[in-house]
Amino acid sequence: MRHLRTELRQRAEELVGLYPQRRSAMLPLLHLVQEQDGYLTPEGIAEVAELTGTSEADVRGTASFYDMFHLEPVGRYVVGVCTNIACLLRGGEEMLAHASATLGCAVGGTSSDGLFTLEETECLADCDRAPVVQVNHRYVRTTTPELFDALIEDLRAGRRDHEVPHHGTLIRVRRAGGLHAEHEEIVSQRAASRAARDERAKESQ
Amino acid sequence: MASLDTPRIVSSRWSLPDSHTLSRYLDSGGYVALRKALTMFPEAVAAEVDAASLLGRGGAGFPAGRKWSMLRRSAISYLVVNGDESEPATFKDHYLVERDPHQLVEGVIIAAYALQVSQAFIFLRGEFALGLERVQQAVNDAYEYGALGSSIFGSSFSLDIVVHPGAGAYICGEETALIEALEGKRGFPRIKPPFFPAAVGLYGEPTVVNNVETMSNLPWIVNNGGAAFAALGAGRSTGTRLFALAGRVRNPGAYELEMVKNTFRDLIYDPRLGGGILEDRAIKAIIPGGVSAPWFGPELLDVPLGQDEVAEKGSMLGSGSIVVLDETSCVVRATWRIVKFFSRESCGQCTPCREGSGWLERIMYRLENGGGRPEDLDLLLDLSDNIAPGLTWPPQQTTICVLGPSIPSSIHSAITLFRDDFVAHVEHGSCPHV
Amino acid sequence: MSDQTPTPITVTVNGRAVEAQPGELLIEVAERAGTYVPRFCYHPRMEPVGVCRMCLVEVDGPRGATLQPACYLHVSDGMSVTTDSEKAKKAQDGVLEFLLANHPLDCPVCDKGGECPLQDQTLAHGSGETRFVEEKRHFVKPVEIGALVLLDRERCIQCSRCTRFAAEVAGDAEIAFAGRGDLIEVAPSPTHPFDSVFSGNTVQICPVGALTAKPYRFTARPWDLDQVESTCTVCAVGCRVAVQSSGNRLTRVLGLDSDPVNHGWLCDKGRFTLDSVDAHEGETDPLSSATRITEPLVRRDGALVAVSWSEALARAAALLREASEESPDAVGAIGGAALTNEGAYAWERVLRGVLGTENLDAQYGDGLDPALLQALAPATIDDAVAAPVVVTLTGDLREELPVLFLRLREAVVKHGHDLIEFGFGASALRALARWSLPVRPGEAHLVAAALAGENPAPGLAASDADLRAARERLGDAGEGVVFVVGRPNLAEGAPVMERAIRVLAERFPAARFLPVLRRANVRGALDMGLAPGLRPGRGVAPSPAGRDTLSQIEAMVDGHQRAVVLLGGCLLGNVIDVERAREALASADVIAVTGHGGATLAYADVVLPVAVAHERNGTVTNLEGRVSAVSAKLVAPGSAWSDVAVAVELAEQLGAHLSLTSLDVVAKLIEESTGYPALSVLNDDTTDGVLVGDRARATLRRPLDPMAFPGIRGVDHVGLGELSGRSSTLELDHVGATSSATLDRVAAGRAVASIAADAYSLRLHASRRLYDRGVAMMGSPALAELIATTRLHVHHADLDRLGVDTGDRVRVTGSGVSVEMSVVADDDVPRGVAEVPVNTVDADGQDVLARLVTRPELVSLVRLETR
Ligand SMILES: Cc1cc2nc3c(=O)[nH]c(=O)nc-3n(C[C@H](O)[C@H](O)[C@H](O)COP(=O)(O)O)c2cc1C
Ligand code: SF4
Ligand code: FES
């Protein structure tokens, strides 16, 4: 039974095809399931297990290692506030408390309208604009409580749809291009170039 | 005053509009280096990198040229680019992937050519959603432009690059954990030996792992020659380096500076760089090289920004990030937050790291928030010693990877430098500042 | 061999020089030198991972002494190691303290208490007082992660032994680590519980009490347990086990690490069905398999009533004498695989020696010609694992001989050898096979012929390309090839497989064969001569063959055979054509020698109760011919006797004095007269089994994995008790001239006619399931629940033709009445085939196969119709 929509299933198969071993597509495929379902549904997990040739327990266990995967439903917007060292020194904890008050939900919780899930994150690598806030893994650069509130208003009103896609959407740019050459051809190309190099090395000695 | 009149090697396009696009890249000299490299023998390209003495920019600082040639005996199968950038307060790769993705892609193609591999992976942390899009677009453009794919620019060299998203786990920056993640598994660092993925790496085959910034230097090195790169900096620290400055400074940011020629003080105080401390307060401490590194007190501000120079003073340049704490910053709180980070990010394999990080975090939390006991300081140090025996630098370890012995770095240096603050916390029953 | 052994190197452990092989693990080298390095995650049968860090030791290196995990470090020449330096001790104590930080203090109520290495380590080295004043980690305790296993996450020390077992050894990663850091936990998928047939192994190797087995939980405390070493007789793999009891009740079976056989692993059926041995309270109905027969019974006025042994034996002797006086050929015996070798030998003497009949058969028409099997060049399990190419012609080994499946999996996964599979139906090995050749019923010999180089017969399910590739891999003479041969399909006549085996044996003279008859000691029973034309000690007689089981059934129906001795087992549960068997039993005098009740006893005239597994001593022989000891842990209930004693006493009643006065005497006689190593095995504590015909390959017993049995001192042997029989000096009429079987001495075998199948019929494939309706399963409450409802499996293309899908009910018509059952679309089944597991019952509880297959045919055909 296929759970991924036709188009996503097609992308899933493309992804599997990119790697020498299909298990390698695990993380991209899980992102894809989240893109469709918003979180890792049991059906999605089962399909990833099938696509990667692993078991459901294995997929679930692997997914749960990574913070970006949700095994329970989350809001349309996942708001991440960093409190790690650089942000801590510039009001990260205060920002998190403010966000919790504005959204009306505890850290780790989802707002009552189901729109927002609030998370405390580790360093998001944007420390020169601390305290750092991300929504659905997009930097929104709202360093003051006022800017944060304005952001939430914008999101509610759908004014940021282009910049901040719904939760689960990771890379909106689909891969194009590829090697388009026979594997054997590549192998022989490499072998030939190595042989030539070794030959040169011998000569120069 | 900092010396800023050296060439900008990796950040030259950051201020250009649409610097991430192919057209901008091309009209600012892009893909010239690749064309040049393709006219050279692969080993000649590698020789330039070797001559440049380019130290890896991911944290360990191992010379890229040596890593490549060390492994030449066993033909390398894969090139993996480490763009996991999760070391707290490090954000230089973030700039590189968003603002100059083509430079990275060109660097990767050059490295792949030098190593003669036909498959490369760029692993980027998942939270770089925009960066992932830009790098993927750059890869797509490069295929279309003929800089990637079969017979690149008509040569007999072919390469495929796959952009691989991470999913939120600091430990995947450790190269063997990254390889596990790339194989679709939990990011458990692999046990050593083998010490280098170069021996046994991705899919069990010889693999080179290099950092995003390391790769981004390659177009310049090919264009200008390794010697020109080596002429910058001093000693083992050649070229320039991106320093990510954060914390209590006026102008946090990522600054490209010539190695060794500048000191921490230059970086922090030069008005064109850090611009000094907020409200002109005094510096309490700096954390050089990421939170895995031992701290420096203000007396070490004049240490030059060079790998060996920092190492001599008992810390590391690491990932090139510098966090500044001023006199208003609570060192206990800062230490607690760093330990909390490690406890959340420990992969969980090794007992000392898994259990030790959680235990240390809970003690630190008590010290900061109530319930600290006088004996806690010795306990912190003794537990730390059970993770990093001897509390030396570079550390010894009872764990598989060096995340473990990184946990005690802050605890040990904070207690050494600021024991009074800890004692005050114990006596006050919690943080005296709040 | 010897020139391949690398030169030994020298390693210094705590100042003492120790000899080692290069590349050996330090932890093993140190242990051999008498230095036990504490460990938790290391398991000798799995790849080291070095995660718990308990085994840190100080190793001298170029950059001074560093701490290294002994379990992961391969020794090299000149390496110098200190395991007890201050630094090593501090590191080890530190790890222990970290492990205990969050560990609950519930040892008094923990199953593992008393045999827990964490507890032991703590008592030995722990500081006694905790520096951990924080709140411990809390989880809901305990959770049921599978039907047989519970997990207490608070006790887990994250050593990953269980998850690695599941992924690395069993190959079904139904449990995996979830979470990260100190929130890491073992978890199954919420939609798919941990129902591996190997789940119990995880409990055995869990170093703490995190994983517990439902059947054992809270039944005993380790210090009350008493144990013997024995051999599992649930199937023919013959895993070595430690059987433990508390009082006169069996509590637990643990796998012992037998190097050539089970490596410490067991399947859940072998591990958990021990309660079928118990006399179940309140179960007295002799027709129920949950009932233990504890007293001799005779039929009086239509009912079985308890009588004394002398009366029962006299009655049995009278029935047999009456029949045999008419003609020795009017007597026969069926069964014997449940006996020990000594029991089988004693019964062979009674039947052939005293009653003079050649009608005896330890198989139930579901096996293969034993003389043919004897004539093949034998391979051991180790040989199969070591062979570069293994070819399986068997049913699904995970269902039939689970631990053999684990071992063959090892050949592919660990050694990278090639597996070629004859694909009869679903098979757990399929995913590992280099080539899986789909084979329909009635085609095995044709596929074999194609592999032997003939042009493939038209219409085979296997593709020509695969056949060609596989044929090439087999090479010219089959050098380095092991064929694993069994009887995958009980609805197919034996000649198909026998012909296939013969074709391969003739074509590949250098290949070796591992026969995989499934029933526990069937190999031993056949080796003791319990089949027509065989003689004890693997001899074949020139005399005319007697009747096998199926012919005996026919002979009873048509009146040529008047009496039958049923040696254990339940005849009706073991033959396909149950109706015919009923008819046969109804028309003959039936003497049943059994420890368990069962439907068959409805026809018994005399029932003689015997001791069953765990209640008797002796030897058994596994499928590869390895003789090993079984030991009594319990006294048999009521007045049940050992099988040898019953045979001796019955002979006595028949007027013959067998001088089989004790088990040792029987074993000695077997060994002296046939060379079969029964006595050597009984008498020698140092070996783990001796291979028939190859004494050099006796394997030395390995010390118990101290991590698996930390609390238990060692295995003590229960003395081999004297038998009750009188000593007698009557000389045996001895075995007589025999020879050993060779391929050309064995009758050429029946030709296999070509199969006339029409386009509308499917060929029936009757396969086996591990969790069947046999005595062991039905007598074990915990396992009986796991018997799955079985259905008819058909390739989806065949179902499409009919317009039905999984879950639909169809009418199935075979050679007998038609039955209604539901179908499953299953593309593991070749097209044109319908697979049904034996013991499948229809909606009315009627056995399906018995109704579909009423006459043994070469191939059984069925038709499906929608209702
Ligand atoms: C815990 C840990 C985290 C690390 N994180 C990163 C990282 O985020 N990015 C990175 O490039 N290297 C990281 N490293 C270093 C890598 O293991 C590796 O040395 C580096 O990617 C090699 O590239 P380079 O030689 O170009 O520096 C980390 C190492 C450890 C032990
Ligand atoms: S030291 Fe920590 S992060 Fe590194 S492998 Fe061990 S548990 Fe994982
Ligand atoms: S690390 Fe060696 S036994 Fe666990």
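First the proteins, then the strands, lettered A, B, ... as listed; each starts at 1.
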Quick check for you: among [options], which has the greatest number of heavy-atom pairs under 4.5 Å with chain A?
options	result
B:E144, B:K340, B:Q119	B:K340
B:S151, B:G131, B:S86, B:G166	B:G166
B:Q137, B:E87, B:R186	B:R186
B:A254, B:G149, B:A246, B:P88	B:P88
B:R134, B:E345, B:R248	B:R248
B:D93, B:V249, B:I171	B:V249

Using non-hydrogen atoms and a 4.5 Å limit, figure out which bit of [X] sits close to chain A: side chain, backbone, both or neither.
X	result
B:C330	neither
B:L132	both
B:A181	both
B:V323	side chain
B:F91	both

Per-residue contact mode, [X] against chain B (heavy atom under 4.5 angstrom):
X	answer
A:Q21	both
A:L170	both
A:R172	both

With distance as the sole criterion, is a donor-acceptor pair present between the side chains of B:Y255 and A:D128 under 3.5 Å? no
Distance-only side-chain donor-acceptor flag, B:H164 / A:Y19, under 3.5 Å: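 Checked: B:H164/A:Y19 side chains pair up, N/O donor to acceptor below 3.5 Å.
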Counting neighbours of CZ on B:F41 that are heavy atoms of other residues, nucleotides or ligands and sit closer than 6.0 Å, is the number greater than 12? no
Is atom CD of A:E13 surrounded by more than 12 heavy atoms (other residues, nucleotides or ligands) closer than 6.0 Å? yes
Please verify the inter-ring angle class for [X] with [Y]; under 30° counts as parallel, over 60° as perpendicular, anything in between as tilted.
X	Y	value
A:H98	A:F148	perpendicular
B:F121	B:Y78	tilted
B:F128	A:Y139	tilted

First locate atom OG of B:S118, then atom CD1 of B:I161, and finally report the distance between them rounded to the nearest 0.5 Å. 11.5 Å
Taking all heavy atoms of A:G92 and all of A:P131, pick out the closest pair and write down the distance. CA-CB, 3.7 Å
